[in-house]
Asker: 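One structure follows; several queries about it will come next.
Per chain, numbering begins at 1; letters A, B, ... match sequence-line order. Nothing here was measured: the structure is a model prediction, and the numbers come from that model.
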Amino acid sequence: MSDVAKPEIQEADQKTQKMIVIDGHSMAFRAFYALPVESFLTASGQYTNAVHGFISMLLTMIREHHPTYVGVAFDLDTPTFRSQEYDEYKAGRNKTPEEFKGQIDLIRKVLEAMNIPTISMDGYEADDIIATLATIGEAADLKVLVVSGDRDAFQLITEKTTVLYPTKGVSQIPPMDAAAIEKKYFVQPHQYSDLAALVGETADNLPGVPGVGPKTAAKWINLYGGLEGILENVDEIKGKVGDSLREHLDNVKRNRRLNHLLRDLDLPVSLEALELEAPNREAIEEIFDTLEFNSLRKRIWDVFTEPEEEVEEEELPEPQTLTTADEISQWFHTEGSHVIGVHLVTEAPAENNPGMPDDVFALGLASEDQLAYIKLADLDPAADEALASALESASYKKAVHDYKLAYKQLQERGLTLGGVVDDTMISAYLIAPDRRSHALPDVAQHYLKMSLDLSEAESKGELDLGLETKDYSAQATRAAFVVRQLSLMLAGQVSERNAASLLDDLELPLSRVLARMERAGIAIDLPQLEVLNKDFTKVIDDAKSRAFEAIGHEVNLGSPKQLQVVLFEELELPKTKKIKTGYTTDAESLTELYAQTNHPFLGALMDYRDATKLKQTVDGLAKAIADDKRIHTTYGQTIAATGRLSSLNPNLQNIPVRSEEGRRIREIFVAGEGYETLLTADYSQIEMRIMAHLSGDEGLIEAFRSGEDLHRFVGSRVFNVSPDEVTPAMRSKVKAMSYGLAYGLSSFGLSKQLRISVDEARTLQKDYFQRFGGVRDFLRSGVEKARSEGYTETILGRRRYLPDLTSDNRQLREIAERVALNSPIQGSAADVIKLAMLHIQKEFDAQQVKSRMLLQVHDELVFEIAPGELEQIREIVTAKMGDAVEISVPLEVHIGIGKNWNAAGH
DNA sequence: GCAAAGACGTA
DNA sequence: CGTACGTCTTTGCG
């Protein structure tokens, strides 16, 4: 078999021809709001953003789907049968923006030049035309793609018809098929209009039944089979919503009449007229000239000159389903001499249990020339055993996407995923850490040009759409195939970038460590959490009433927009820094305003802000508590471009620590049952130490070797006094300066932060570099090296590519320069603590301790200590963190011990 | 329903 | 005119 797969997942049957029908007005509107109108103004004063977006979307559709037929339907301004029946229909919509006017006509002109028919009919809406076209298309046995931003189109969805419904902008339009509708609305597509009739449609000014949302409507529809059944049994429905339904039956019936699309219009065009042909070159050139479209000019000819299908099409092999122990062992035995791609199909458990992995339902496997599918529920104990041993075995080499997740998920089933030689998510991340997403569909699209729609396979099995009834072998094995292909392809780039060791020796083993930390979670003191919630609520209420008294009327203190009115119009306070929407109301400005004016409203507002922030944090934590009374965060191993971890759901890396009240939140993180205490271990000034090492600056190295307080030492050198003569003011100045170094802080920024003049800040910088010039030289030369090589590098060789370093745009270039300054430092610190974590876990396993590592907060680790192990753990942690790497200054580690995270902190 | 913007917590 | 993150709320579009 070839190693090039078909690029289109939907096109199982190549012979099926496609038809695309587009709701012109709705897509033009989407395009209008998706693109900034001010960047699309021609010399003659015509706005063209909607035209540009629309045509761009259309070209993408044509390129991706190769339709045989294309048609665009437009509404007319004349009344329709709907507006005649209900004169409020679509009333209350804001009037069309001035800039949008005329763009519809331009779109029609471009379409004409492209030889794509536009269709309108007096008295009917574009939706009815589309419904009719879809009907014609289905009758002709075509696959129909309906492109519309109107949800009424969902009723058209069938086996043959898919609706492309834009959610964000017009660049990415997810296909809505029956499964997607069921997942989102819990009804069949043909029942969607019933649902919409009950719920109402604000966009069309069609009120439904008050109190009835999509959930209730879906419940009724599933109970009675549809609107008809509901109407027959309307007296059965109990409760307030039942009364509401009976009261608003007229609304519902009217909505259903109006949202029903006509499928039998007598259209002025035939199917043949919709056949896609090449654009009229002259007409295109002319209209693109007037519209000043230049990038689209190239794209349109690219799309239309593209050969039908240049790649040799070869089907993936038919997946075999493995059920018995023999089949499984045999498959791995014969196929396992090369890397096997593994993909898990999972299902969310019925009850919400935050942070806990989904249930594994099935596995897709891909070897060099075979695909296999294993449904866990179908295995007998012997087959279970065979699978467990094959999965764990290091002699069968595996590639997965998101090893940490797969490891956790399988571990819940008692299976250990071993022999993993590649995680394509991490490989993609090491190659291009700045990319937004390293999710499998995105990586597959980017590197293999393969589209992969995991939405169905990954659907969360809501309601009773159980996975049992569906066959996921095609999706799962295709994903496994993609993972395997990606692994082969990325391996080359990983080694080109010298990242092989980073992958094999750091990130992959770290995935297992992180999986265990996530699974462990951290215990929560529930009663104390309640107390905090109450306390913070009280502070909020108090601040609210003081705010009210100060200005004499209600205002939403959470709305910066409303605050601007109060502060700068009503109270006429001095204007703060300008932002997009007016003047900022951020904490810094409020503090300054308060110092100037002493206005009681400001005091109340600041208290409100502080307390709401804390309460939000507390509430967020409460929501994240799992059944085991612990919080299980998820670490992002491929998010931060510098190499740091991130923490989400919830973020445990930004739990307050600076304020007294904030630290009370840390008190709710405690040692769990069976454990004695928490232990925290943090690196002191790790970034400064790394700077000292990387720069080789003798002064700074001496500072760390002397054991003297860093800022006192630096202060004494900068201000030419003895260490004990360094005043607190001097110390805080050099401290700010030192920290600012790694961020590329300017003298302007330094002056602002220290509330000193720019001149004084400059002098400070000069004196600082007089003594610690090696640091400055290192930072400067680092940026220059990055400019010429194209990337920065950490001590473990982790690269970050920064193309903007040579940008002509000064703004972009200067940002890239600061990034280049910071990345090696922040990234090296991340490398160091990751190494330490590996070494600690290894030692824990070797010594078989019961204590465990729970959290990482960039330069800090939190451990849960089993009875009697405190000293043993303290020694391991101190030693392993202290000599994680050999650098020219000592790595100092602070240990803290306490019943809770605050008490264990320092 | 969704995305942007503003605000703010951590290292 | 300070790097790196995640989360919450309001707002304004649909």
Side-chain angles (χ1 to χ4, degrees), chain A residues 26 29-30 32-34 93-94 97 149-151 165-169 184-185 201-204 213-214 433-434 556-564 577 579-590 605 609-610 612-617 619-621 623-624 633-636 639-659 662 665-666 682-683 685-687 736 739-753 758 761 800 810-811 814-827 829-830 833 855-860:
Chain A
S26 108
F29 225 76
R30 294 281 182 156
F32 177 75
Y33 284 110
R93 285 193 172 182
N94 288 337
D150 189 332
R151 282 189 288 264
Y165 180 72
T167 46
K168 41 189 151 184
K184 204 168 155 72
Y185 299 104
E201 182 64 81
T202 43
D204 295 340
D434 278 278
N556 183 348
L557 296 175
S559 164
K561 182 101 189 282
Q562 295 179 34
L563 288 174
Q564 284 178 17
K577 198 174 64 185
I579 53 174
K580 277 187 189 171
T581 56
Y583 299 94
T584 180
T585 67
D586 67 14
E588 190 191 334
S589 309
L590 292 184
L605 175 57
R609 283 255 177 94
D610 287 345
T612 46
K613 179 77 185 174
L614 293 170
K615 180 164 182 293
Q616 279 170 16
T617 304
D619 291 346
L621 292 173
K623 267 191 250 153
T633 187
T634 301
Y635 288 102
I639 305 291
T642 52
R644 273 188 177 181
L645 299 177
S646 76
S647 160
L648 69 161
N649 294 324
N651 185 353
L652 295 187
Q653 290 179 326
N654 72 341
I655 301 303
V657 68
R658 288 169 194 171
S659 74
I665 297 180
R666 292 202 164 213
D682 69 77
Y683 282 118
Q685 292 132 355
I686 186 160
E687 296 197 350
Y739 280 119
L741 280 178
Y743 302 142
L745 189 65
S746 65
S747 43
F748 176 85
L750 185 63
S751 73
K752 207 167 55 129
Q753 190 179 329
V758 178
R800 183 170 183 189
R810 198 181 84 176
Q811 173 109 7
E814 287 180 346
I815 290 172
E817 284 169 356
R818 289 193 297 272
V819 171
L821 218 60
N822 174 256
S823 292
I825 299 164
Q826 193 186 111
I833 193 162
L855 303 179
Q856 192 252 39
V857 192
H858 308 308
D859 64 0
E860 172 187 9

Asker: Report yes if a side-chain nitrogen or oxygen of Lys580(A) is closer than 4.0 Å to either non-bridging phosphate oxygen (OP1 or OP2) of dA5(B); otherwise report no.
Answerer: yes

Asker: Quick one: Tyr683(A) OH to dT10(B) P, roughly how many Å, whole number?
Answerer: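 Rounding to the nearest Å, OH of Tyr683(A) and P of dT10(B) are 23 Å apart.
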
Asker: Side-chain N or O of Arg151(A) less than 4.0 angstrom from OP1 or OP2 on dG14(C)?
Answerer: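 For Arg151(A), the contact criterion (side-chain N or O under 4.0 Å from OP1 or OP2 of dG14(C)) is not met.
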
Asker: If I take atom CG in residue Asp610(A) and atom P in nucleotide dT10(B), what distance separates them, rounded to the nearest angstrom?
Answerer: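 Taking atom P of dT10(B) as the reference, CG of Asp610(A) is at 11 Å.
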
Asker: Apply side chain to side chain donor-acceptor pair (under 3.5 Å) to Thr633(A) and Ser647(A), showing your working.
Answerer: CA-CA 6 Å; Thr633(A) 187; Ser647(A) 160; 2.8 Å; yes

Asker: Base, sugar-phosphate, or nothing for Gly740(A), non-hydrogen atoms under 4.0 angstrom?
Answerer: nothing

Asker: Is Asn649(A) near enough to dT7(C) that one of its side-chain N or O atoms lies under 4.0 angstrom from OP1 or OP2?
Answerer: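 Checking Asn649(A) against dT7(C): at least one side-chain N or O falls below 4.0 Å of OP1 or OP2.
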
Asker: Can you pull the salt bridge (charged side-chain N to carboxylate O under 4.0 Å, His left out) pairs that have at least one residue in residues 639-652 of chain A, sequence neighbours excluded?
Answerer: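 Residue pairs passing salt bridge (charged side-chain N to carboxylate O under 4.0 Å, His left out), neighbours aside: Arg644(A)-Glu687(A).
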
Asker: Check this one for me: any side-chain N or O of Arg658(A) less than 4.0 Å away from OP1 or OP2 of dG9(B)?
Answerer: no

Asker: Side chain of Leu648(A) only, please: which of dT7(C), dG6(B), dA7(B) is the nearest?
Answerer: dT7(C)

Asker: Does dG6(C) have its OP1 or OP2 closer than 4.0 Å to a side-chain nitrogen or oxygen of Ser647(A)?
Answerer: no

Asker: Any idea which of dC5(C), dG2(C), dA4(C) is nearest the Tyr743(A) side chain?
Answerer: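 Among dC5(C), dG2(C), dA4(C), the one nearest the side chain of Tyr743(A) is dG2(C).
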
Asker: Who pairs with Tyr583(A) by ring-ring contact (aromatic ring centres under 6.0 Å, His included), at least two apart in sequence or on another chain?
Answerer: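 Applying ring-ring contact (aromatic ring centres under 6.0 Å, His included) to Tyr583(A) gives Phe568(A).
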
Asker: Once you apply a heavy-atom cut-off of 4.0 Å, does Arg800(A) come out as touching a base, just sugar-phosphate, or nothing?
Answerer: sugar-phosphate

Asker: Round to a whole Å and report the spacing from CD of Gln653(A) to P of dT10(B).
Answerer: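 Value for this atom pair: 13 Å.
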
Asker: Please evaluate the base of dA11(B) for a donor-acceptor partner in the side chain of Arg644(A) within a cut-off of under 3.5 Å?
Answerer: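 Per atom types, the contact qualifies.
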
Asker: Kindly say if Asn822(A) contacts the phosphate of dG2(C), meaning a side-chain N or O under 4.0 Å from OP1 or OP2.
Answerer: no

Asker: Nearest whole Å is fine: how far is dA4(C) C1' from Asp859(A) CG?
Answerer: 13 Å

Asker: Think Thr642(A) has a side-chain N or O under 4.0 angstrom from the OP1 or OP2 of dC5(C)?
Answerer: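 The answer is no; no side-chain N or O of Thr642(A) sits under 4.0 Å from OP1 or OP2.
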
Asker: Of the nucleotides dT11(C), dC5(C), dT3(C), which one has an atom closest to the side chain of Ser559(A)?
Answerer: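 Of the options given, the side chain of Ser559(A) lies nearest dT11(C).
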
Asker: Only one of Gln616(A), Lys623(A), Lys615(A) forms a side chain to side chain donor-acceptor pair (under 3.5 Å) with Asp619(A), so which one is it?
Answerer: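 The side chain to side chain donor-acceptor pair (under 3.5 Å) with Asp619(A) is passed solely by Lys615(A) among Gln616(A), Lys623(A), Lys615(A).
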
Asker: Look at the side chain of Asn654(A) and the base of dG9(B), then say whether one donor and one acceptor between them are separated by less than 3.5 Å.
Answerer: yes

Asker: Does Leu557(A) offer a backbone N or O that forms a donor-acceptor pair with the side chain of Gln562(A) under 3.5 Å?
Answerer: no

Asker: Whole-Å distance between dA11(B) C1' and Gln826(A) CD?
Answerer: 8 Å

Asker: At what distance, to the nearest 0.5 angstrom, does OH of Tyr635(A) lie from CG of Asn649(A)?
Answerer: 12.5 Å

Asker: Rounded to the nearest 0.5 Å, what separation is found between the NE2 atom of His858(A) and the OH atom of Tyr683(A)?
Answerer: 15.0 Å

Asker: What is the distance, to the nearest angstrom, from the CG atom on Leu652(A) to the C1' atom on dG9(B)?
Answerer: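 Taking CG of Leu652(A) and C1' of dG9(B), I get 12 Å after rounding.
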
Asker: Out of dG9(B), dG6(B), dA11(B), which nucleotide sits closest to the side chain of Ile579(A)?
Answerer: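 Nearest nucleotide to the side chain: dG6(B).
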
Asker: Which comes earlier along DNA chain C counting from the 5' end, the contact point of Gly749(A) or that of Ser646(A), where each point is its nearest nucleotide?
Answerer: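 In this pair, the answer is Gly749(A).
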
Asker: Assign Ile639(A) to base, sugar-phosphate, or nothing according to its heavy-atom contacts below 4.0 angstrom with the strands shown.
Answerer: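 Since only primed, P, OP1 and OP2 atoms lie under 4.0 Å of Ile639(A), the category is sugar-phosphate.
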
Asker: Indicate, with a heavy-atom threshold strictly under 4.0 Å, whether Ala587(A) touches base, sugar-phosphate, or nothing.
Answerer: sugar-phosphate

Asker: Has Lys561(A) got a side-chain N or O lying under 4.0 Å from the OP1 or OP2 atom of dG12(C)?
Answerer: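 Indeed, a polar side-chain atom of Lys561(A) lies that close.
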
Asker: Would you mind classifying the nucleic acid contact of Thr617(A) as base, sugar-phosphate or nothing, using non-hydrogen atoms under 4.0 angstrom?
Answerer: nothing

Asker: Quick one: is Thr581(A) getting a side-chain N or O under 4.0 Å of the dA5(B) phosphate, OP1 or OP2?
Answerer: no

Asker: Hey, is the side chain of Gln856(A) poking within less than 4.0 Å of OP1 or OP2 on dA11(B), counting only N and O atoms?
Answerer: no

Asker: I want to verify a distance call: between dG9(B), dA11(B), dC1(C), whose nearest atom is closest to the Lys613(A) side chain?
Answerer: dG9(B)

Asker: Determine the contact category for Gln562(A): base if any of its heavy atoms lies under 4.0 Å from a base atom, sugar-phosphate if only primed atoms, P, OP1 or OP2 are that close, otherwise nothing.
Answerer: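 Sugar-phosphate only.
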
Asker: Please work out if Thr584(A) contacts a base, only the sugar-phosphate, or nothing of the nucleic acid, heavy-atom cut-off 4.0 Å.
Answerer: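 The residue Thr584(A) makes sugar-phosphate contact but no base contact.
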
Asker: Below 4.0 angstrom from OP1 or OP2 of dT3(C), is there any side-chain N or O of Arg818(A)?
Answerer: yes

Asker: Starting from C1' on dA11(B), measure out to CD1 on Ile833(A) and report it in whole angstrom.
Answerer: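 My rounded result for the distance is 10 Å.
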
Asker: Between atom CG in Leu855(A) and atom P in dT10(B), what is the gap in whole Å?
Answerer: 16 Å

Asker: I want to verify a distance call: between dG9(B), dC8(B), dT10(C), whose nearest atom is closest to the Arg609(A) side chain?
Answerer: dC8(B)

Asker: Reckon Tyr739(A) touches a base, only the sugar-phosphate, or nothing at all at heavy-atom distances under 4.0 Å?
Answerer: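 Answer is nothing: Tyr739(A) stays at 4.0 Å or more from every strand.
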
Asker: Tell me which nucleotide among dC8(B), dG14(C), dG9(B) gets nearest to the side chain of Pro656(A).
Answerer: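 Of the options given, the side chain of Pro656(A) lies nearest dG9(B).
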
Asker: Indicate whether OP1 or OP2 belonging to dT9(C) is found under 4.0 Å from a side-chain N or O atom of Thr612(A).
Answerer: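 Checking dT9(C) against Thr612(A), no side-chain N or O comes under 4.0 Å of OP1 or OP2.
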
Asker: Quick one: label Ala641(A) by what it contacts on the DNA or RNA (base, sugar-phosphate, nothing), any heavy atom closer than 4.0 Å.
Answerer: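 The answer is sugar-phosphate, as Ala641(A) gets under 4.0 Å only of primed atoms, P, OP1 or OP2.
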
Asker: Indicate yes or no for a side-chain donor-acceptor contact from Arg818(A) to the backbone of Leu745(A) under 3.5 Å, with no hydrogens or angles considered.
Answerer: no

